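Model, not experiment: these values are computed from the prediction.
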Amino acid sequence: QVQLAESGGGLVETGGSLSLSCSVSGRTLYLTTVMGWFRQVLGKEREFVAGIGWKTGSTYYADPVKDRFTISRDFAKSTIDLQLDSLKPEDTAVYYCASTFRPMSVGQAMAVESLYDYWGQGTQVTVAS
């Protein structure tokens, strides 16, 4: 079992920045291969934002956030962090972190929601226009 807990959401103006953090814990954490951030707007499907290899640190981003968002991991703190810069109103959503034990290469596989085993409760990000 792995437990995930997001924090750091809030309200920010267009062009502003936010830092999200996902605290990761659990006795089987060492089996984790990939962690990802997804987001969901009410009434719409959840969409992939960014993924990172837990051991490799390799990253992959969705096109809408590439060059604006940065995913990273901190082993000492057991967190997966997402830095959101140059925010736009269309970035408004609930942001979720997720983890998986499945072998996965860097790339489009990271964007497949059904391949993730554990999910956090989400944190709201609102970007005012």
Side-chain angles (χ1 to χ4, degrees):
Q1 288 282 352
V2 174
Q3 291 78 45
L4 307 173
E6 303 92 339
S7 62
L11 173 64
V12 65
E13 293 186 352
T14 297
S17 298
L18 278 175
S19 295
L20 305 183
S21 186
C22 176
S23 177
V24 188
S25 62
R27 61 185 181 89
T28 56
L29 178 60
Y30 69 98
L31 296 174
T32 298
T33 54
V34 167
M35 295 200 65
W37 282 95
F38 290 74
R39 65 187 182 186
Q40 187 172 26
V41 176
L42 188 64
K44 296 187 177 181
E45 292 187 354
R46 191 153 47 188
E47 65 175 5
F48 172 76
V49 174
I52 186 167
W54 180 242
K55 294 181 174 65
T56 65
S58 299
T59 60
Y60 179 70
Y61 296 91
D63 286 342
V65 306
K66 199 175 296 183
D67 299 325
R68 297 191 298 122
F69 291 7
T70 303
I71 188 171
S72 61
R73 74 205 192 299
D74 188 325
F75 285 133
K77 297 180 180 179
S78 292
T79 61
I80 294 291
D81 302 317
L82 187 67
Q83 177 65 34
L84 292 68
D85 297 318
S86 302
L87 282 161
K88 306 175 182 180
E90 51 264 43
D91 294 319
T92 295
V94 177
Y95 283 70
Y96 299 89
C97 64
S99 69
T100 181
F101 297 152
R102 304 168 200 264
M104 190 180 296
S105 57
V106 177
Q108 289 188 337
M110 289 180 166
V112 180
E113 181 180 347
S114 61
L115 296 182
Y116 289 82
D117 303 298
Y118 299 99
W119 293 83
Q121 293 300 307
T123 185
Q124 176 71 45
V125 171
T126 302
V127 184
S129 57

For this session: Under the side chain to side chain contact (heavy atoms under 4.5 Å, CB included) rule, collect the residues that match up with T28, sequence neighbours excluded.
Result: V2, L31, F101
Only distances under 3.5 Å count here; give the side-chain donor-acceptor pairs of residues 9-21 to other protein atoms, sequence neighbours excluded, each with its distance to 0.1 Å.
unit_1 : atom_1 : unit_2 : atom_2 : d
T14    : OG1    : A128   : O      : 2.7
S17    : OG     : D85    : OD1    : 2.7
S19    : OG     : Q83    : OE1    : 2.5
S21    : OG     : D81    : OD1    : 2.9

Exercise. Can you tell if the side chain of L29 reaches within under 4.5 Å of the side chain of V24, non-hydrogen atoms only?
Worked result: yes
Seminar exercise, completed: Using a 4.5 Å side-chain heavy-atom cut-off and chaining through intermediate ILVMFWY residues, the residues clustered with F48 come out as V34, F38, Y60, V94, Y96, M104, V106, M110, V112, L115, Y116, W119
Problem set entry | Selection residues 105-121 - residue pairs positive for salt bridge (Lys or Arg N to Asp or Glu O under 4.0 Å), sequence neighbours left out | R46-E113, R102-D117
Seminar exercise, completed: T59 meets the side chain to side chain contact (heavy atoms under 4.5 Å, CB included) criterion, sequence neighbours left out, with I52, Y61, I71
Exercise. Would you say the side chain of L4 lies within less than 4.5 Å of the side chain of M35, judging by non-hydrogen atoms?
Worked result: yes
Problem set entry | side chain to side chain contact (heavy atoms under 4.5 Å, CB included) partners of K55, counting only residues at least two apart | none
Exercise. To the nearest 0.5 Å, what is the distance between CD (Q3) and OG (S25)?
Worked result: 4.5 Å
Problem set entry | For G122 against E6, the heavy-atom pair lying closest together | N-OE1, 2.8 Å
Problem set entry | Euclidean distance, Y95 OH relative to Q40 CD, rounded to 0.5 Å | 12.0 Å
Exercise. Mind checking what makes side chain to side chain contact (heavy atoms under 4.5 Å, CB included) contact with F75, not counting sequence neighbours?
Worked result: W54, R73
Exercise. Taking the side chain as C-beta and beyond, is there a heavy-atom pair between F69 and L87 under 4.5 Å?
Worked result: yes
Exercise. Any side-chain hydrogen bond (donor to acceptor under 3.5 Å, both in side chains) pairs touching residues 120-129, not counting sequence neighbours?
Worked result: Q124-T126
For this session: Go through the structure and list residues passing side chain to side chain donor-acceptor pair (under 3.5 Å) with T56, not counting sequence neighbours.
Result: S58
Problem set entry | Of all pairs that satisfy disulfide bond (SG atoms under 2.5 Å apart), the ones with a partner from residues 75-129, not counting sequence neighbours | C22-C97
Problem set entry | L82 to L84 - nearest heavy-atom pair and separation | O-CD1, 3.1 Å
For this session: Mark yes or no for whether S23, through its side chain, and A5, through its backbone, hold a donor-acceptor pair below 3.5 Å.
Result: no
For this session: For S78, enumerate each residue passing the side chain to side chain donor-acceptor pair (under 3.5 Å) test, keeping only those at least two apart in sequence or located in another chain.
Result: none
For this session: Evaluate side chain to side chain contact (heavy atoms under 4.5 Å, CB included) for T100 paired with T33, printing each intermediate quantity in order.
Result: CA-CA 6 Å; T100 181; T33 54; 3.7 Å; yes
For this session: List for me each residue that meets salt bridge (Lys or Arg N to Asp or Glu O under 4.0 Å) alongside K66, sequence neighbours excluded, and say none if there are none.
Result: D63
